[in-house]
> 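Structure below; questions to follow.
A note on names: the letters A, B, ... follow the listed sequences, proteins ahead of strands, and every chain is numbered from 1.
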Amino acid sequence: MEKFEILESGMVPLTIENVDTDQIIPARFLKATDRKGFGENLFRDWRFTNDNQAKDFVLNNNAYSGKILVAGNNFGCGSSREHAAWALADYGFRVVVSSFFADIFKGNALNNGILPIQVSPNELQAIFTAIDSNPSTQAKVDLETQQFRIDEAGIAISFEINAYKKMCMINGYDDIDYLLSQKEAIIAFEQNRS
Amino acid sequence: MKKTLFDKVWDSHVVSSVENGPDILYIDKHLIHEVTSPQAFNVLEEKEIPLFRPNQVVATADHNVPTENQHLPIQDALSRKQVTQLSKNCEEYGVTLYGLGHPYQGIVHVIGPELGVTQPGMTMVCGDSHTSTHGAFGTIAFGIGTSQVAQVFASQCVLVAKPKSMRVTVSGDLHPDVQPKDVVLYIIAKLGTDAGTGYFVEFAGSVFEQMSMEGRMTVCNMSIEMGARGGMIAPDQTTFDYVSGREFAPKGEALDQKIAYWKTLPTDDGASFDLEHHFDASDIRPMITYGTNPGMGIKISETIPESDDASFIKSLHYMGLKAGSSLLHMPISHVFIGSCTNSRIEDFRAAAQYVSGKQKSPDVSALIVPGSQQVAKQIVAEGLDRVFEEAGFVLRQPGCSACLAMNDDKIPAEAYCVSTSNRNFEGRQGQGARTLLASPVTAAAAAVAGKIVDVSQQ
Ligand code: SF4
């Protein structure tokens with residue numbers, strides 16, 4: 001996994017609430033057997049018509065760009081498909097900001113080097129307003145100090161992240177390596193219970 | 001200390017806890033299917049590590065499979081590749097596969113319980129959010145992402161922080177026309193789609209105590225639709241009777257010992273939950289959804305609420321529906337009875353009982369898709385196939401089918417489909433399709449009438 005320390009980037013505002021993973025990546029694109037190329041179909045049915053014409057959707061708006069997606073409340077609900085996180089990462093997002101994340105999505109994001117930043121509903125509104133008044137405004141995310149800032153708009157937010165997950169993101173560690181290092185304890189657990 | 005059902009099962013599966021971090025939770029059973037497992041097998045290959053406990057993994061092909069001509073090769077090349085890949089992976093890593101053509105094949109959350117793989121007090125995971133279904137047995141069961149599927153392959157464990165606990169109690173008597181699906185749609189409509197995020201839910205109270213295992217599975221299945229990681233119901237005699245005698249269930253003395261243990265699992269009197277909700281069963285009526293998330297549900301007799309929220313307006317626009325209007329008597333063109341929510345024998349019995357002696361409307365195409373080969377066999381054994389066929393319903397072979405439209409069973413754009421599945425998201429049943437979630441009886445009634453009807457008013 002790619003390490004995450006500091007990110008400075010523009011933002012893409014997606015004001016819709018309850019964005020489910022079926023919208024992030026529709027089921028018909030789940031037939032791949034590897035992790036690559038999902039970015040192309042990120043938000044497919046909101047981005048394109050059936051004959052591949054661009055729709056009026058924020059990802060098609062050149063005014064906005066960057067590695068930070070700012071989304072409405074309850075982002076990532078529904079299906080557990082990790083393809084949603086793969087699609088966001090493949091498209092180039094490293095951070096998703098929302099006032100609420102669905103559990104499974106949050107875990108999937110962290111396992112793919114995407115940092116989910118949960119802010120309060122008021123803070124989310126302030127961020128949307130800041131992007132609205134200057135679409136190319138820059139945000140700075142510092143994982144070490146757990147700070148999200150938009151200096152131009154005077155926004156400075158401290159966000160929470162589990163200490164273990166933070167350590168993994170900063171060092172680029174995967175959970176699987178940690179679990180493999182615990183094999184002996186796991187085998188002992190199995191023997192104790194039978 | 002007084003413990004909840006959830007605490008008892010969780011605590012007995014913690015290998016250790018990471019300091020300031022998640023628990024290492026031991027997993028008893030790992031279910032896999034073709035869509036969310038290939039990339040996890042790739043991880044084993046890349047890292048050159050073995051699958052740690054192949055005997056604790058059970059695989060089936062369900063999401064992509066066609067529901068016609070299952071004896072022929074799958075026509076869609078990508079679906080065929082995914083299903084073939086699953087067979088190859090299972091063979092290479094020594095995993096039991098109930099693939100196409102096997103008498104045990106079916107939707108992963110239908111076959112686990114019916115084979116007795118699912119048992120009280122276990123921990124179970126699957127790369128699928130509706131793994132919550134298995135909680136009906138007093139099992140901690142939850143959906144995981146593919147990275148975690150790889151972790152379970154490698155270590156038979158997941159790293160996960162212990163969720164908070166919530167109890168949803170529904171007591172009193174249900175109206176005779178109310179189905180388990182109505183109960184869960186009611187709860188989600190009341191609490192909202194994010195109410196359960198961060199929680200594991202226990203469903204308690206007389207309504208669930210009196211419910212069949214099939215009904216309990218329908219309820220726990222949809223706990224993810226209120227955002228919860230999973231739902232659970234305390235195991236009782238109904239549970240023990242269901243599990244006893246199933247293929248992989250313990251037998252004889254082993255079973256007696258297990259039952260004695262399972263009896264210790266229910267929540268202790270006085271144990272506390274982080275959050276409690278109470279509902280009165282008599283307030284519940286047949287339900288239907290009108291929007292694009294499962295929380296947007298009403299009693300069929302009610303009108304669609306009004307709201308100036310932008311996401312709400314967008315949702316109604318997609319559905320082609322108006323705030324303040326009623327769904328009653330609205331024409332529909334498709335009916336789907338199936339999915340891991342409502343594709344067990346009891347669901348088809350309830351639908352067939354309603355349909356018997358009636359004809360479906362000529363304007364409706366009505367699809368019946370059993371959850372498993374065993375359910376399909378039972379449908380024939382009980383003669384329900386004739387009831388459906390005489391009424392003009394189409395009976396298909398088992399799979400996820402129109403629940404997520406990864407195969408050919410798609411609902412056309414803008415068509416209204418009364419569906420017994422669990423998600424009414426935009427495009428879930430096909431691009432542009434408009435899904436109205438309801439119980440099997442409400443769906444059957446809509447197929448007969450060609451429009452939405454309130455079965456409690458008939
Ligand atoms: S029936 Fe639907 S919800 Fe259930 S496992 Fe299949 S696709 Fe998922």
Side-chain angles (χ1 to χ4, degrees), chain A residues 1 15-23 26-28 30-35 44-46 50 72-74 77-86 100-112 162-165 167-168 174-180 182-183 185-186 188-190 193, chain B residues 12 15-16 18-22 24 26 35-36 38-39 42-43 47 49 52 63-64 76 78-79 81-82 85 127-129 131 143-148 150-151 154-157 159-161 163 193-194 197-198 224-225 227 229 292-293 309-311 314 404-406 423 425-428 431:
Chain A
M1 205 168 73
T15 52
I16 303 163
E17 294 182 358
N18 298 315
V19 172
D20 57 76
T21 53
D22 272 76
Q23 307 318 316
R28 62 185 189 283
L30 306 187
K31 297 186 185 187
T33 51
D34 59 30
R35 294 179 185 226
R44 179 73 193 203
D45 294 338
W46 285 348
N50 275 346
N73 193 53
N74 196 26
C77 58
S79 157
S80 61
R81 61 188 70 160
E82 194 163 318
H83 313 67
W86 300 337
F100 207 78
F101 291 96
D103 282 334
I104 305 182
F105 173 78
K106 198 173 183 176
N108 287 342
L110 286 163
N111 280 333
N112 286 281
N162 174 284
Y164 166 79
K165 275 293 163 195
M167 183 276 292
C168 289
D174 284 334
D175 283 348
I176 194 165
D177 297 324
Y178 179 76
L179 284 167
L180 285 168
Q182 300 298 307
K183 265 285 177 58
I186 295 166
F189 174 86
E190 287 178 325
R193 62 200 296 257
Chain B
S12 67
V15 174
S16 66
V18 182
E19 211 186 314
N20 291 323
I24 300 180
Y26 190 81
V35 179
T36 55
Q39 293 87 351
N42 292 349
V43 172
K47 290 191 178 279
I49 48 175
F52 184 47
H63 282 63
N64 268 297
D76 180 284
L78 290 173
S79 294
K81 181 166 176 236
Q82 227 176 29
Q85 188 68 41
D128 192 287
S129 56
T131 308
I144 55 177
T146 298
S147 295
Q148 291 171 303
Q151 292 161 25
S155 69
Q156 203 56 36
C157 289
L159 276 168
V160 47
T193 45
D194 59 3
T197 305
I224 181 76
E225 308 309 336
R229 207 59 201 272
T292 54
N293 74 56
D309 175 83
S311 300
K314 178 178 186 290
L404 93 165
M406 265 185 97
R423 289 187 171 142
F425 297 153
E426 283 185 32
R428 174 79 178 183
Q431 279 180 277

> Going by side-chain hydrogen bond (donor to acceptor under 3.5 Å, both in side chains), name the residues that satisfy it together with B:Q148, two or more places apart in sequence or in a different chain.
none
> What part of B:L404 is in contact with chain A, defined as an atom under 4.5 angstrom from a non-hydrogen atom: side chain, backbone, both or neither?
both
> So which part of A:A163 gets closer than 4.5 Å to some heavy atom of chain B, the side chain, the backbone, both or neither?
both
> Less than 4.5 Å to any heavy atom of chain A: does that hold for the side chain of B:R428, its backbone, both, or neither?
both
> Can you tell which part of B:S155 gets under 4.5 Å to a heavy atom of chain A, answering side chain, backbone, both or neither?
both
> Is a side-chain donor or acceptor of B:N64 paired with a backbone partner of B:V35 at a separation under 3.5 angstrom?
no
> Examine whether an atom of B:Q85 lies under 4.5 Å from a heavy atom of chain A, and if so say whether it belongs to the side chain, the backbone or both; otherwise answer neither.
side chain
> Sort A:F105 into side chain, backbone, both or neither according to what part of it lies under 4.5 angstrom from a heavy atom of chain B.
neither
> Non-hydrogen atoms of chain A under 4.5 Å away: do they reach the side chain of B:L78, the backbone, both or neither?
both
> Side chain, backbone, both or neither: which part of B:V43 has a heavy atom under 4.5 Å from chain A?
side chain
> Heavy-atom pairs under 4.5 Å with chain B - which of A:D20, A:I16, A:L30, A:N74 has more of them than the others?
A:D20
> Spell out, as yes or no, whether a donor-acceptor pair under 3.5 Å connects the side chain of A:E82 to the backbone of B:S147.
yes
> Would you confirm whether A:D103, through its side chain, and B:T197, through its main-chain N or O, come within 3.5 Å as a donor-acceptor pair?
no
> Among B:T292, B:V160, B:I24, B:I224, single out the residue with the greatest number of heavy-atom pairs under 4.5 Å to chain A.
B:I24
> Heavy-atom distance under 4.5 Å to chain A: side chain of B:N42, backbone, both or neither?
side chain
> Got a donor-acceptor contact below 3.5 angstrom from the A:T21 side chain to the A:S79 backbone?
yes
> Using a cut-off of under 4.5 Å for heavy-atom pairs, which of A:T33, A:T15, A:I186 has the most such pairs with chain B?
A:T33
> Can A:R28 and A:D45 be counted as an ion pair, charged N to O under 4.0 angstrom?
yes
> At a 4.5 Å cut-off on heavy atoms, which part of A:N18 comes close to chain B: side chain, backbone, both, or neither?
side chain
> Indicate yes or no for a side-chain donor-acceptor contact from B:E225 to the backbone of A:G78 under 3.5 Å, with no hydrogens or angles considered.
no
> Under a 4.5 Å heavy-atom cut-off, does chain A meet the side chain of B:S12, its backbone, both or neither?
backbone
> For the side chain of A:D174 and the backbone of A:I176, is there at least one donor-acceptor N/O pair under 3.5 Å apart?
no
> Given heavy-atom pairs under 4.5 angstrom as the criterion, report whether the side chain, backbone, both or neither of B:A154 touches chain A.
both
> Counting only non-hydrogen atoms closer than 4.5 Å, does B:A405 touch chain A with its backbone (N, CA, C, O), its side chain (CB onward), both, or neither?
neither
> Any sub-3.5 Å donor-acceptor pair from A:Q23's side-chain atoms to A:W46's backbone N or O?
no
> Stepwise, does the side chain to side chain contact (heavy atoms under 4.5 Å, CB included) test hold for B:T193 with A:C77?
CA-CA 8 Å; B:T193 45; A:C77 58; 5.7 Å; no
> At a 4.5 Å cut-off on heavy atoms, which part of B:I49 comes close to chain A: side chain, backbone, both, or neither?
side chain
> Is any NZ, NE, NH1 or NH2 atom of the basic residue among A:D175 and A:K165 found under 4.0 Å from an Asp or Glu carboxylate oxygen of the other?
yes
> Using heavy-atom distances under 4.5 Å, tell me whether B:N20 contacts chain A through its side chain, its backbone, both, or neither.
both
> Do any N or O atoms from the side chain of B:K314 and from the backbone of A:E17 form a donor-acceptor pair under 3.5 angstrom?
no
> Below 4.5 Å, heavy-atom pairs only: which of B:S79, B:A310, B:S16 has the largest tally toward chain A?
B:S79
> Side chain, backbone, both or neither: which part of A:N111 has an atom under 4.5 Å from a heavy atom of chain B?
both
